[in-house]
2 protein chains.
Amino acid sequence: MRYSCQRKLIEDILKGRKDHPTADAVYLSAREIMPNISLGTVYRNLKYLADERVIDTLETVDKRIHYDGDRTRHAHFICKKCGKIIDLFEPQELPDEIKKLGLTVSEEKCVYYGECAECKDKADKTSN
Amino acid sequence: MRYSCQRKLIEDILKGRKDHPTADAVYLSAREIMPNISLGTVYRNLKYLADERVIDTLETVDKRIHYDGDRTRHAHFICKKCGKIIDLFEPQELPDEIKKLGLTVSEEKCVYYGECAECKDKADKTSN
DNA sequence: TATAATAATGATAATCATTACTATTTATTA
DNA sequence: TAATAAATAGTAATGATTATCATTATTATA
């Protein structure tokens, strides 16, 4: 593994933020520091880092890949109204069927969709 | 909601199978019965049925939408080796944080990735 | 039942996120 | 330092999904 400054930058950007940016968002951040980094390099390295399990990916209904620099085991909640993604760190047990069916889990991707507290408040206010 | 024969066919196809086909696979099945149905119609109706919550969608690392005619609450396991998708019907509890953070969940999409029993067996045999 | 209103279709073009390609640059190794 | 290999920037290609639009089918209503 050859660590180019571009790859380092991309990893640092992702590790340094707590949200779940798409490749495009990472590209925008990267260009602030390295103005002529190319989008292809960002994609290539995000893919590379994900393959190497340095970062995680999050597949959502928006059909864009969201990247997650936090590899501690956690689930996600996505608000269908505002799009906000919330981390859920409390550990969950694996379904019993996993063991029964002889499956080996290497990755968990639990995503819950619904309405966040803020959007619920807003909805309540406007209905009065 | 106007129920065209195409929409009915697409719903029936999905309800009639236990796998998780992509739009393309549904299109192939549909053409066997209605040879000049268009791919656009298949996409349009799958989207429509998903929006109406008649069917479910499954977003995976392959970046294609998989459709699921079974709307009973269940999780999925995807084998990284053979790509097989296995339904996990045993109910799981929602993370406690959902309640604590005041979130309302309308949809759950839990996907586990790993190795299925068959692929594990094959790997064991070849290593001997 | 005929008609008006409108929703859905088939065919095709457009979109857009992601990947592949290629000449060039950069890093590593001998 | 030269040879080897990997990574980059820039750009073209890919491929799943959507949008468009003229035409057809479905539903409601007179």
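We use all heavy atoms of the structure for the numbers below, so side chains are in, but hydrogens, waters and symmetry mates are not. Computed from a predicted structure; not experimentally measured. Proteins come first, then strands; the chains are lettered A, B, ... in the order of their sequence lines, and each starts at number 1.
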Trainee: For the helix from C:dT1-D:dA30 to C:dA30-D:dT1, what angle separates the axis at the start from the axis at the finish, each from five pairs, in steps of 10°?
Mentor: 30°
Trainee: Counting side-chain heavy atoms from C-beta on, which of C:dA11, D:dT8, D:dT17 comes nearest to A:R44?
Mentor: D:dT8
Trainee: Does a nitrogen or oxygen in the side chain of A:T41 sit under 4.0 Å from OP1 or OP2 of D:dA9?
Mentor: yes
Trainee: Of B:I37 and A:C5, whose nearest nucleotide on DNA chain C comes first from the 5' end?
Mentor: B:I37
Trainee: Taking atom C1' of C:dA8 as reference, at what distance in whole Å does atom CG of B:L49 sit?
Mentor: 13 Å
Trainee: Tell me, yes or no, whether the heavy-atom count around A:K99 atom NZ, taken from other residues, nucleotides or ligands under 6.0 Å, exceeds 12.
Mentor: no
Trainee: Tell whether B:R2 reaches the base of D:dT27 with its side chain through a donor-acceptor pair below 3.5 angstrom.
Mentor: no
Trainee: So if I take every side-chain heavy atom of A:K63 and compare against D:dA9, D:dT18, C:dG10, which nucleotide ends up nearest?
Mentor: D:dT18
Trainee: What contact category does A:S4 fall into here, base, sugar-phosphate, or nothing, at under 4.0 angstrom with non-hydrogen atoms?
Mentor: sugar-phosphate
Trainee: What side-chain donor-acceptor pairs closer than 3.5 Å can you find for residues 31-39 of chain A, not counting sequence neighbours?
Mentor:
unit_1, atom_1, unit_2, atom_2, d
A:R31, NH1, A:Y27, OH, 3.3
A:S38, OG, A:T41, N, 3.3
A:S38, OG, A:T41, OG1, 3.1

Trainee: Any salt bridge between B:R17 and B:D19, counting N to O under 4.0 Å?
Mentor: yes
Trainee: Taking A:E115 for its side chain and A:K81 for its backbone only, find out whether a donor-acceptor pair lies under 3.5 Å.
Mentor: no
Trainee: May I ask whether B:L49 and B:L58 are part of the same hydrophobic cluster, defined by side-chain heavy atoms of I, L, V, M, F, W, Y residues being less than 4.5 angstrom apart, directly or through others?
Mentor: no
Trainee: Go through it in stages, so that I can follow the logic: the residues are B:H20 and B:H76, the test is ring-ring contact (aromatic ring centres under 6.0 Å, His included), and I'd like the CA-CA distance, side-chain angles, deciding distance and then a yes or no.
Mentor: CA-CA 10 Å; B:H20 309 77; B:H76 294 100; 4.8 Å; yes
Trainee: Roughly how many Å is it from CZ in B:R64 to P in C:dT18, rounded to a whole number?
Mentor: 16 Å
Trainee: B:R7 has an atom CZ; how far is it from atom P of C:dA8, in whole Å?
Mentor: 5 Å
Trainee: D:dT17, C:dT18, D:dG10: which one has an atom nearest the side-chain heavy atoms of A:N36?
Mentor: D:dG10
Trainee: Round to a whole Å and report the spacing from NZ of A:K47 to P of D:dT8.
Mentor: 15 Å
Trainee: Between C:dT18, C:dA8, D:dT17, which one does the side chain of A:Y43 approach most closely?
Mentor: C:dT18
Trainee: Specify the separation, in whole Å, of atom CD of A:E59 and atom C1' of D:dT17.
Mentor: 17 Å
Trainee: From the options A:K15, A:R73, A:R71, select the one residue that forms a salt bridge (Lys or Arg N to Asp or Glu O under 4.0 Å) with A:D56.
Mentor: A:R71
Trainee: Would you mind classifying the nucleic acid contact of A:N45 as base, sugar-phosphate or nothing, using non-hydrogen atoms under 4.0 angstrom?
Mentor: sugar-phosphate
